[in-house]
Number of protein chains: 2
Amino acid sequence: MRENTIPERVGSFKNLRSYSYIKPERKSKIIGSLEEAVNKVNLRDGMTVSFHHHFRDGDLILNQVMDIIADKGVKNLTLAATSLRKNHDEIIKHIKSGVIKKIYTSGLRGKLGEEICRGLMDEPVVIYSHGGRAGAIESGNLKIDVAFIATPAADRWGNANGVEGTSNCGSLGYTMVDAKYAEKVVVITDNLIEFPPEHISISQENVDCVVEVDKVGNSDRIETGSLRKVSRPKDLYIAKNVARVISNIKYFQNGFSLQTGSGGISLAVTDFIQELMQERDIKGSFILGGITGAHTDLLKKGLFKKIFDTQTFDLQAVKSLRENRNHMEIDASLYASAFNKGSLVNNLDFVVLSALEVDTDFNVNVLTGSDGFFRGASGGHCDTAYGSKVTIVVAPSVRGRIPTIRDKVTNIVTPGKTVDVVVTERGICVNPEREDILKDLKNVKDIELIDIHELKDKVESLTGKPEPPLYDEKITGLIQYRDGTIIDVVRKISDRY
Amino acid sequence: MRENTIPERVGSFKNLRSYSYIKPERKSKIIGSLEEAVNKVNLRDGMTVSFHHHFRDGDLILNQVMDIIADKGVKNLTLAATSLRKNHDEIIKHIKSGVIKKIYTSGLRGKLGEEICRGLMDEPVVIYSHGGRAGAIESGNLKIDVAFIATPAADRWGNANGVEGTSNCGSLGYTMVDAKYAEKVVVITDNLIEFPPEHISISQENVDCVVEVDKVGNSDRIETGSLRKVSRPKDLYIAKNVARVISNIKYFQNGFSLQTGSGGISLAVTDFIQELMQERDIKGSFILGGITGAHTDLLKKGLFKKIFDTQTFDLQAVKSLRENRNHMEIDASLYASAFNKGSLVNNLDFVVLSALEVDTDFNVNVLTGSDGFFRGASGGHCDTAYGSKVTIVVAPSVRGRIPTIRDKVTNIVTPGKTVDVVVTERGICVNPEREDILKDLKNVKDIELIDIHELKDKVESLTGKPEPPLYDEKITGLIQYRDGTIIDVVRKISDRY
């Protein structure tokens with residue numbers, strides 16, 4: 001409890017005419033350039049800087065800012081990105097020169113991922129889930145000194161959103177957490193709008209300065225990587241099977257909730273679900289997570305009451321977020337944090353997730369390829385798998401000649417305890433601990449159940465048993481589970497591999 | 001910077017099948033009664049509990065909960081209410097019995113205010129402004145253990161709003177801060193709605209439990225105390241003068257912003273402003289603070305772009321908040337805190353505020369009567385006066401036979417340095433430090449400027465010089481300025497007075 005000291009009444013009112021009662025100078029927060037912003041926030045050695053990936057491969061800011069920081073001679077930074085993608089290969093040079101010492105991210109890919117697996121960094125990269133990152137920030141485990149937040153629209157006081165302007169990317173859900181907790185917040189925009197804006201995702205109370213640049217991101221690339229048009233019969237067959245599974249589980253009823261993720265197959269599922277809902281006259285409650293036009297169609301048709309959007313995957317969905325009040329932007333904490341009093345993943349009935357590998361304990365890898373290199377992201381995978389009543393993982397049983405179903409996943413991101421059904425084109429595996437689901441799906445026409453060990457054998461009989469990567473002892477990555485514990489480590493790939 | 005320990009990879013995946021990976025039990029947060037809630041949050045001696053006053057005199061929860069807490073035998077509580085009103089006289093018994101040891105509030109009135117001035121409490125009441133309270137919570141100076149939040153609508157996970165149901169009170173702006181920062185949050189409602197609700201002001205991520213009761217508040221009383229229909233010619237004349245002042249100051253132009261507070265006169269000003277805007281074809285930017293139907297009219301007619309609402313003063317405004325996307329609910333921090341990076345009061349051009357007393361240094365008292373008793377509330381007075389480019393205080397020069405313009409205010413809430421114009425029915429005083437305003441208003445037809453000392457003399461020649469209250473040494477109240485400093489103290493009224 002706080003104790004107040006009790007001062008005497010300030011002698012005469014004249015004394016009150018002191019400096020602190022002078023009205024504030026009304027100075028716009030706009031400053032001239034990214035260079036000035038880096039100076040203004042007093043960026044120094046050893047600090048933690050953050051960036052977001054709402055533009056996905058279309059991001060134009062992270063590389064630019066890191067170049068400016070490097071030019072300034074700052075060293076030993078921790079880079080806390082919401083995720084890193086192929087277009088961030090350019091930061092390899094900053095790691096080599098000692099500007100970046102440590103990385104926190106949801107994912108790694110491309111040349112950067114490869115080099116880190118080859119031992120580029122002294123300190124291991126920390127991989128966290130979207131919910132895990134929010135939780136780490138909320139709980140004070142990850143302290144961000146400066147958040148650089150690229151936004152498609154911002155006013156001179158720092159109120160910003162992702163739905164206006166030509167670089168519109170939709171939800172700013174992941175970086176909204178940074179805005180609230182970072183010591184300093186730099187909003188970067190290519191679209192200075194009038195105050196007050198119609199939509200406020202980042203609020204002026206959290207913003208130190210605003211920088212106008214030519215272009216923050218390419219919104220036509222917000223689909224890259226996550227969305228692919230599904231046309232292969234195999235993928236469509238898997239998607240169809242997922243819809244069959246969902247529609248035969250008892251939770252598929254009025255008021256059910258859904259997240260279908262962003263993998264190609266997962267997205268095709270959404271369309272099948274729509275058909276089934278219309279057929280059976282079922283109305284859902286909410287759609288969560290990464291949002292596409294397929295989802296906003298469901299909202300528009302009244303099949304769901306609400307969309308909670310942390311990440312927008314196409315321009316149709318951006319339009320919906322801008323116009324439809326029931327399409328609501330949420331931050332990564334409300335989405336998926338384990339450090340609050342109930343995130344929305346805990347209200348989910350069905351989540352459909354993709355996988356790079358699944359093992360016979362239902363553990364899932366969405367981060368590294370079977371060759372041991374970083375090729376993906378943790379994302380909301382383990383968060384939603386944990387929270388959802390039914391977690392369905394979809395994957396082709398073979399990719400190239402590499403089997404997806406394995407004795408052990410190369411790296412674990414999502415523990416099998418939280419994975420309930422695995423759907424492949426060669427059969428559907430139900431986690432034996434989910435007797436309720438087994439009961440619902442047994443003896444259903446067109447649902448071909450198979451024991452996961454049997455499926456593994458079946459696939460291996462075609463591909464042969466895969467050779468594991470050759471590792472050195474050195475650890476290149478720490479995979480954090482959403483509660484902050486280390487669930488796995490990624491080791492350096494041997495030079496002999 | 002955080003250092004990570006680097007653990008070995010957890011031996012076999014079997015180990016991962018531990019307790020922490022079991023999916024969460026999906027238990028509704030609804031519990032049976034207020035008694036159970038008090039037990040569930042483990043309410044103990046010495047804790048700080050909070051309540052809000054969005055129902056104003058219609059609040060039915062504070063007294064009820066305090067009775068339950070008292071029955072439980074808990075003692076030495078700090079009561080951190082957003083404000084206390086006449087209907088809270090009932091807590092006098094809990095102060096006497098030692099259940100409540102200390103009070104933080106924006107205002108005090110009625111029997112409770114009187115008894116405290118007579119020396120009821122050992123510890124002085126701490127009075128803060130709405131912005132000051134938000135800042136105290138944000139900065140960790142005021143730690144709330146349990147927030148009891150009455151809401152007109154809530155779902156079983158704790159998502160709540162103030163715009164649905166028969167007890168709708170509009171914005172929950174003040175208590176939104178409590179919800180975010182309190183250790184435990186109990187949402188109380190008389191209207192359990194389906195998840196997910198259309199409007200989410202209090203979010204499930206912050207809520208521990210939900211209690212359904214018969215009635216949380218009378219929404220037909222949200223107008224009490226703050227709103228009065230102005231019909232007296234004197235008041236209308238003052239309001240007209242305020243409109244004249246505003247319309248002759250250079251900031252009255254396209255894009256200007258406005259807060260007109262909740263006093264009777266201030267509200268009449270709003271209608272005059274509307275006429276002036278239409279006459280001169282001026283379009284404003286935003287309206288801030290406490291909102292009435294008069295304000296929502298301005299929004300509807302396109303005269304302003306946006307309303308930022310911390311407190312809703314009538315049912316027409318509640319309807320607007322529910323339906324109009326440009327009528328936006330904001331919390332007390334974004335509204336007025338001095339502890340963030342720019343609250344909206346700092347963007348204000350004009351604020352019109354009422355006063356109980358004004359002195360010749362332009363200091364304002366809105367808290368105590370000239371008899372020294374608590375008769376009002378600090379509210380957003382000093383916050384908006386500080387932030388606004390032009391702060392206009394309105395008051396009749398005499399109330400009953402008591403002069404409003406004085407040598408010294410009985411208690412200071414808002415320092416004169418931040419007050420620019422005082423409008424009475426006997427003339428208009430401009431703070432001599434505001435030469436820009438003096439220049440704008442000088443020689444304007446129908447604007448009768450008068451030096452504030454002269455006005456004081458003029459009033460005193462009618463009323464005589466008022467006798468100050470007779471005080472004892474004991475301090476009964478500490479008045480905090482918005483930055484946390486003590487700007488004045490309230491002393492015990494002598495038994496001989």
Side-chain angles (χ1 to χ4, degrees), chain A residues 1-2 4 6-7 9-10 13-14 16-17 20-24 26 46 48 78 124 126 141-143 157-158 195-196 198 203-208 285-286 305-306 325-326 333-334 337 340-343 346-347 359 361 363 386-387 389 408 412 415-418 475 478 483 486-489, chain B residues 1-2 4 6-7 9-10 13-14 16-17 20-24 26 46 48 78 124 126 141-143 157-158 195-196 198 203-208 285-286 305-306 325-326 333-334 337 340-343 346-347 359 361 363 386-387 389 408 412 415-418 475 478 483 486-489:
Chain A
M1 263 189 312
R2 189 167 81 133
N4 266 301
I6 302 176
R9 175 166 172 165
V10 189
F13 292 142
K14 294 285 180 203
L16 296 171
R17 296 187 164 238
S20 66
Y21 301 122
I22 290 174
K23 296 204 183 205
R26 195 163 304 183
T48 297
T78 296
V126 178
N141 284 324
L142 175 62
K143 290 195 175 69
W157 306 114
F195 168 85
E198 209 175 320
S203 166
Q204 64 178 53
E205 68 197 291
N206 298 314
V207 178
D208 291 276
S285 158
F286 71 96
K305 279 175 71 182
K306 207 154 197 121
R325 202 165 169 164
N326 287 318
S333 173
L334 178 56
S337 171
N340 64 31
K341 294 168 182 174
S343 48
N346 291 352
N347 300 17
D359 69 26
D361 286 329
N363 296 308
Y386 170 82
K389 270 186 188 158
K408 280 186 181 180
I412 183 172
K417 271 275 187 189
T418 62
I475 290 171
L478 297 169
D483 62 3
I486 304 296
I487 193 169
D488 202 0
V489 299
Chain B
M1 261 189 313
R2 191 166 81 134
N4 266 300
I6 302 176
R9 175 166 172 165
V10 190
F13 291 141
K14 293 286 182 204
L16 296 172
R17 297 189 162 236
S20 67
Y21 301 123
I22 290 175
K23 296 204 183 205
R26 195 163 306 183
T48 298
T78 295
V126 178
N141 284 324
L142 174 62
K143 290 194 174 72
W157 306 115
F195 168 85
E198 209 175 320
S203 166
Q204 63 177 53
E205 69 197 292
N206 297 314
V207 178
D208 291 275
S285 159
F286 70 96
K305 280 174 70 182
K306 207 154 196 120
R325 203 166 169 164
N326 287 318
S333 173
L334 178 55
S337 172
N340 64 30
K341 294 168 182 174
S343 48
N346 291 351
N347 300 16
D359 69 24
D361 285 328
N363 296 309
Y386 170 81
K389 271 186 187 158
K408 279 187 181 181
I412 183 171
K417 270 276 186 189
T418 63
I475 290 171
L478 298 168
D483 61 4
I486 305 296
I487 193 170
D488 201 0
V489 300

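Side-chain atoms are counted along with the backbone in the values below, which use heavy atoms only and exclude waters and symmetry mates.
Of the two parts of B:Lys143, neither the backbone nor the side chain holds a non-hydrogen atom closer than 4.5 Å to a non-hydrogen atom of chain A. For chain B, the nearby part of A:Asn206 is the backbone; its heavy atoms alone come within less than 4.5 Å. Only the side chain of A:Arg26 comes within less than 4.5 Å of a heavy atom in chain B; its backbone stays farther off. With a 4.5 angstrom heavy-atom cutoff, A:Ser203 touches chain B only via side-chain atoms.
Side-chain atoms of B:Glu198 and A:Asn326, non-hydrogen and from C-beta on, do get closer than 4.5 Å to each other. With contacts defined as side-chain heavy-atom distances shorter than 4.5 Å, the pair B:Ser337/A:Glu205 does not qualify.
For the pair B:Pro196 and A:Lys306, the tightest heavy-atom approach, listed with the atom from each and the gap, is CG-CB, 3.8 Å.
Applying the salt bridge (Lys or Arg N to Asp or Glu O under 4.0 Å) criterion to B:Lys341, with sequence neighbours excluded, gives A:Asp208.
For the pair B:Gln204 (side chain) and A:Gly342 (backbone), a donor-acceptor distance under 3.5 Å is present.
From A:Phe195, atom CZ reaches atom CG of B:Asn347 across 4.0 Å, with rounding to the nearest 0.5 Å.
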